[in-house]
**Student:** 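Quick one: structure below, then a few questions.
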Amino acid sequence: ETHDYRHSLYNGSKRSQPIERDIQLHNGWIPDHDVKQYTQSTPGPHKPAAESGSGSADSGSSDKNTSQDLPNRTSSFSSKSRYKPALDRYPLVLLKNITSPMDPTDVIFQWHIPKAAGSSTKRIFTECFHLSRSAQKSFPESYTFDRHHVLNIDTSTIAGIARAKENGLVDKDLIDVITTSFLHEGSALLTETHGGRLFTMLRHPVDVSVSLFHYLGTAEWEGTYREEFRNMTLLEYATTDRDGVRIDNWMTRYLARKIKGDLEEEDIKLAKDILERKCLIGMTDEFIESFRRFNLFFGLGKWLEDGLPCVEKYMNNRANKNSHQKVKHGSDEWVALAQANKIDIELFNFGKDLWKRQGEMLAHRHADEWNFRQGS
């Protein structure tokens, strides 16, 4: 079998390199040196569950295998040293601007929005474009690849990212693509040598909310399975005021790193600035065109001969897809979810405008302008 992607090393000492388990999370791995530790615990979109080949969400590793080995994140550092995100500060500064030229050592960074074709996107990058990525598929973690070019390292959780950072994952030159929902923590995996090239797939926030509700009410294999959703109607879910039942404005919160509390104008501005200056936009309802742009921007290969037929296959058989009744625009459920996610809808519409502008930018790019594998 031939592996022609740039970073994947399938032989030598790196193949069986052990993972160091005793990692201190209060060592400044995510903020810069004067910000030593997040003193507030940050909830994630999901608890990790080992990635399987059956189409289940490959959202990370099991807490029973990871978090018990790690010290409590709330350490001795004071709340005055909490991380405050900014585009010109570590770690977001390690994400390169979208107008910057590609470098041979750049790493593709997929910001994974749940239920927005994220699982299919990951598989397309490995199966169609033959790029390597990391996701824990078995226990314990190890620097070994499976036959699908996936390194058995968790980057879907904060604890997993911390371990990967401590072990210098990116500088090992093993992976081409980082995939995570934690943009800020994931950006800390990058280095001055290995900058990040951010991209994402956007889906209308109401559709995301509906899909998440139905999925988490049935996906017993997921760490975030919600049994109470089985006996709850979508309207009840959309209108509940119970704290913690529904995450509103998921995109804005994870871009601004403000999971709880009211979103302020500065949070919305940061979210928009990240998308505008750092992120290549894809749209789930423009699936084929999105991957044509990814292929062109990242220089991944021969689109018509190799990329397009493979992407079409995955478009017609999307991974981790759950079937449920569609919600009619203007229905009580749709209106309630739109009101709860009005900030994300504003951000989504902003992203649609960026999609149009980026299309104009890429219209002037030639297919052979950059070759990711050859670094030229």
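We number each residue from 1, following the sequence as shown.
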**Student:** Set out, in order, the CA-CA distance, both residues' side-chain angles and the distance that settles side-chain hydrogen bond (donor to acceptor under 3.5 Å, both in side chains) for Asp173 and His194, then state yes or no.
**Tutor:** CA-CA 9 Å; Asp173 285 331; His194 294 87; 2.7 Å; yes
**Student:** Looking at Lys342 and Asp248, is there a salt bridge between them, counting it only when a charged N and a carboxylate O are closer than 4.0 Å?
**Tutor:** no
**Student:** Once side chain to side chain contact (heavy atoms under 4.5 Å, CB included) is applied, do any residues pair with Lys352, and if so which ones, sequence neighbours excluded?
**Tutor:** Met283, Phe348, Asn349
**Student:** Given Asp344 and Thr252, is the side-chain hydrogen bond (donor to acceptor under 3.5 Å, both in side chains) satisfied, shown in steps?
**Tutor:** CA-CA 6 Å; Asp344 259 12; Thr252 307; 2.7 Å; yes
**Student:** Say whether Leu263 and Tyr254 are linked into one hydrophobic cluster, either directly or through other cluster members, by side-chain heavy-atom distances under 4.5 angstrom.
**Tutor:** no
**Student:** Measuring only between side-chain heavy atoms, which start at C-beta, is Leu189 closer than 4.5 Å to Ile161?
**Tutor:** yes
**Student:** Decide, yes or no, whether a salt bridge links Glu289 with Arg292 under the criterion of side-chain N to carboxylate O below 4.0 Å.
**Tutor:** yes
**Student:** Enumerate the salt bridge (Lys or Arg N to Asp or Glu O under 4.0 Å) contacts for residues 190-202, please, sequence neighbours excluded, ordered by first and then second residue.
**Tutor:** Asp106-Arg197
**Student:** Val93 and Phe182: same hydrophobic cluster, using ILVMFWY side-chain contacts below 4.5 Å?
**Tutor:** yes
**Student:** Just verifying a value: how many Å separate Leu270 CG and Lys84 NZ, rounded to the nearest 0.5 Å?
**Tutor:** 13.5 Å
**Student:** Any non-hydrogen side-chain atom of Thr121 less than 4.5 Å from a side-chain atom of Phe291?
**Tutor:** yes
**Student:** Quick check: do Lys313 and Glu127 have side-chain heavy atoms less than 4.5 Å from each other?
**Tutor:** no
**Student:** Can you list the residues that meet the salt bridge (charged side-chain N to carboxylate O under 4.0 Å, His left out) rule with Asp353, with sequence neighbours excluded?
**Tutor:** Arg357
**Student:** Could you state the interatomic distance from OH (Tyr237) to OG (Ser209), rounded to the nearest 0.5 Å?
**Tutor:** 5.5 Å
**Student:** With side chains defined as the heavy atoms from C-beta onward, is the minimum distance between Asp176 and Ile108 less than 4.5 Å?
**Tutor:** no
**Student:** Are any non-hydrogen side-chain atoms of Ile113 and Met201 less than 4.5 angstrom apart?
**Tutor:** no
**Student:** Once side chain to side chain contact (heavy atoms under 4.5 Å, CB included) is applied, do any residues pair with Glu346, and if so which ones, sequence neighbours excluded?
**Tutor:** Ile268, Lys272
**Student:** Check salt bridge (charged side-chain N to carboxylate O under 4.0 Å, His left out) between Arg203 and all other residues, then give those that pass, not counting sequence neighbours.
**Tutor:** none
**Student:** For Ala338, which residues count as a side chain to side chain contact (heavy atoms under 4.5 Å, CB included) partner, sequence neighbours excluded?
**Tutor:** Val206, Trp334, Ile345
**Student:** Kindly say whether Gln136 contributes a backbone atom to a donor-acceptor pair with the side chain of Asp154 at under 3.5 angstrom?
**Tutor:** no
**Student:** Taking side chain to side chain contact (heavy atoms under 4.5 Å, CB included) as the criterion, tell me which of Leu92, Ile178, Ile274 meets it with Leu198.
**Tutor:** Ile274
**Student:** What class does the angle between the rings of Phe125 and Phe294 fall in, given that below 30° is parallel, 30 to 60° is tilted and above 60° is perpendicular?
**Tutor:** tilted
**Student:** With heavy-atom distances below 4.5 Å as the criterion, would you say the side chains of Leu347 and Leu255 are in contact?
**Tutor:** yes
**Student:** Please round to the nearest 0.5 Å and tell me the distance separating atom NE2 of His149 and atom CG of Leu151.
**Tutor:** 13.0 Å
**Student:** About how many Å separate CG of Leu202 and CD of Glu286, when rounded to the nearest 0.5 Å?
**Tutor:** 12.0 Å
**Student:** Is the shortest heavy-atom distance from the side chain of Ile98 to the side chain of Phe297 under 4.5 Å?
**Tutor:** yes
**Student:** Could you check if a side-chain atom of Leu94 sits within less than 4.5 angstrom of a side-chain atom of Ser187, using non-hydrogen atoms only?
**Tutor:** no
